There are 2 protein chains.
Amino acid sequence: MSGGVPPGLSFSEWQAAGFDATACPVRNVLDRIGDKWTALTLSALAERPRRFSELHRIIPDISKRMLTQTLRGLERDGLATRHVFPTKPPSVEYRLSPLGRTVLPPLGGLVAWAAENFPEIRRARARFDAMPETGGE
Amino acid sequence: MSGGVPPGLSFSEWQAAGFDATACPVRNVLDRIGDKWTALTLSALAERPRRFSELHRIIPDISKRMLTQTLRGLERDGLATRHVFPTKPPSVEYRLSPLGRTVLPPLGGLVAWAAENFPEIRRARARFDAMPETGGE
DNA sequence: GAGACCAGGTCTTATTTAGAGACTGATATC
DNA sequence: GATATCAGTCTCTAAATAAGACCTGGTCTC
């Protein structure tokens with residue numbers, strides 16, 4: 001056996017299968033959820049559907065432009081849906097699609113890992129940054 | 001109950017705990033593994049330790065600059081270690097640290113999700129892109 | 001009638017990120 | 001003696017990403 005590499009993470013598998021970076025699912029997915037606001041937006045929508053202005057209020061510092069862009073990205077990938085209610089002041093609701101819901105468990109796993117190990121990462125960073133970069137002599 | 005939101009992903013929790021984006025573990029972690037080469041590098045190191053040139057050969061299209069930068073990032077965060085062997089042509093080996101190993105399962109979960117759902121995401125994209133952006137009349 | 005709210009669009013900068021390619025210096029091969 | 005390997009560094013440029021400010025149009029309030 002190969003020593004505990006989770007299935008799907010085996011590099012040689014990818015290579016053997018003829019790795020194509022542009023079509024790589026992982027690259028594609030990480031490009032989306034790895035951007036500045038998507039993970040946050042996703043988790044804001046995880047609890048319940050929300051309206052545009054509501055999201056804008058609760059997500060700290062996001063600009064309307066970025067919020068629109070993030071939501072369009074989620075919509076384009078089929079992770080969220082957009083519902084327009086033609087009320088007097090227009091109201092638009094965003095909600096996670098069934099597909100969008102399925103990403104929550106794996107994403108949650110990573111979030112849990114991050115929360116759990118961030119202290120150690122910070123210590124590692126502090127150590128690394130304190131190291132002398134130019135060896136004295 | 002809140003309807004199946006994984007623990008740690010609850011937005012209201014974060015808000016209640018006084019969300020600070022700069023210190024946010026999730027943002028920090030996603031910034032690292034969400035970049036262009038880190039996930040790939042991580043999975044190349046998952047199987048076994050590798051030397052710099054070896055990584056450079058097997059990771060398609062990465063430049064030395066990016067490879068160095070990616071490895072430094074992993075080293076800085078304590079996810080990988082660097083071992084220099086002062087042989088005649090110098091040889092440097094990179095290997096995952098114990099901490100680095102612990103990220104493989106959650107990362108693997110996301111990779112599996114990506115692989116499994118990418119076809120559907122692509123269909124969603126095709127649908128979205130085929131939609132008339134300016135409603136005719 | 002001046003302004004605010006809704007959900008954005010647009011336009012112009014910054015900042016960040018990535019890439020290409022030349023250079024290092026010691027050894028080793030041809 | 002020209003060239004290659006090793007593990008990088010360096011500079012410069014290009015591309016992607018994000019921020020900020022202002023604009024829309026209809027209704028609603030003051």
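Since we're looking at a predicted model, the values are computed, not measured. Residue numbers start from 1 in every chain, and the chains themselves are labelled A, B, ... in the order their sequence lines are given, proteins ahead of strands. Scope of the values below: all heavy atoms of this structure, side chains included, with no hydrogens, waters or symmetry mates.
- Partners of A:Glu54 by side-chain contact (heavy atoms from CB on, under 4.5 Å), not counting sequence neighbours, listed by chain and number: A:Arg48, A:Arg50, A:Arg51, A:Arg57.
- Rounded to the nearest 0.5 angstrom, A:Leu45 CG and A:Leu40 CG are separated by 10.0 Å.
- Taking atom CG of B:Leu30 as the reference point, atom C1' of C:dT17 lies 17 Å away to the nearest angstrom.
- Judged by distance alone, the side chain of B:Ser97 and the main-chain N or O of B:Gly78 form a donor-acceptor pair under 3.5 Å.
- For the pair B:Asp35 CG and D:dA16 C1', the computed distance is 14 Å after rounding to whole Å.
- Closest-nucleotide positions on DNA chain D for A:Trp37 and A:Pro89 were compared, and the one nearer the 5' end corresponds to A:Trp37.
- Note on A:Ser63: nothing from the nucleic acid sits closer than 4.0 angstrom, heavy atoms only.
- Between A:Arg32 atom CZ and D:dT17 atom P there is a gap of 10 Å when expressed in whole angstrom units.
- Here C:dC6 is the nucleotide among D:dC6, C:dC6, D:dG8 with the atom lying nearest to any side-chain atom of A:Arg57.
- Of all nucleotides listed (C:dC6, C:dG9, C:dA18), C:dG9 comes nearest to the side chain of A:Arg72.
- In this structure a side-chain-to-backbone donor-acceptor pair under 3.5 Å is missing from B:Glu120 to A:Leu99.
- OP1 or OP2 of D:dA16 has not a single side-chain nitrogen or oxygen of B:Lys36 nearer than 4.0 Å.
- Remark: C1' of C:dA18 and CE of B:Met66 are 5 Å apart, rounded to the nearest angstrom.
- If you measure from atom CG of B:Leu40 to atom P of C:dA18, you get 13 Å, rounded to the nearest angstrom.
- The interatomic distance linking A:Leu71 (CG) with C:dG8 (P) rounds to 8 Å, in whole Å.
- Rounded to whole Å, atom P of C:dC11 lies 15 Å from atom CD of A:Gln69.
- Within the 4.0 angstrom heavy-atom criterion, only backbone atoms of the sugar-phosphate kind lie near A:Tyr94; the bases stay farther away.
- Atom-to-atom, CG of A:Leu67 to C1' of C:dG9 comes out at 14 Å; the value is rounded to the nearest Å.
- Proximity of A:Arg65 to the phosphate of C:dC11: no side-chain N or O atom is located under 4.0 Å from OP1 or OP2.
- For B:Thr81, the side chain to side chain donor-acceptor pair (under 3.5 Å) partners at least two apart in sequence or on another chain are B:His83.
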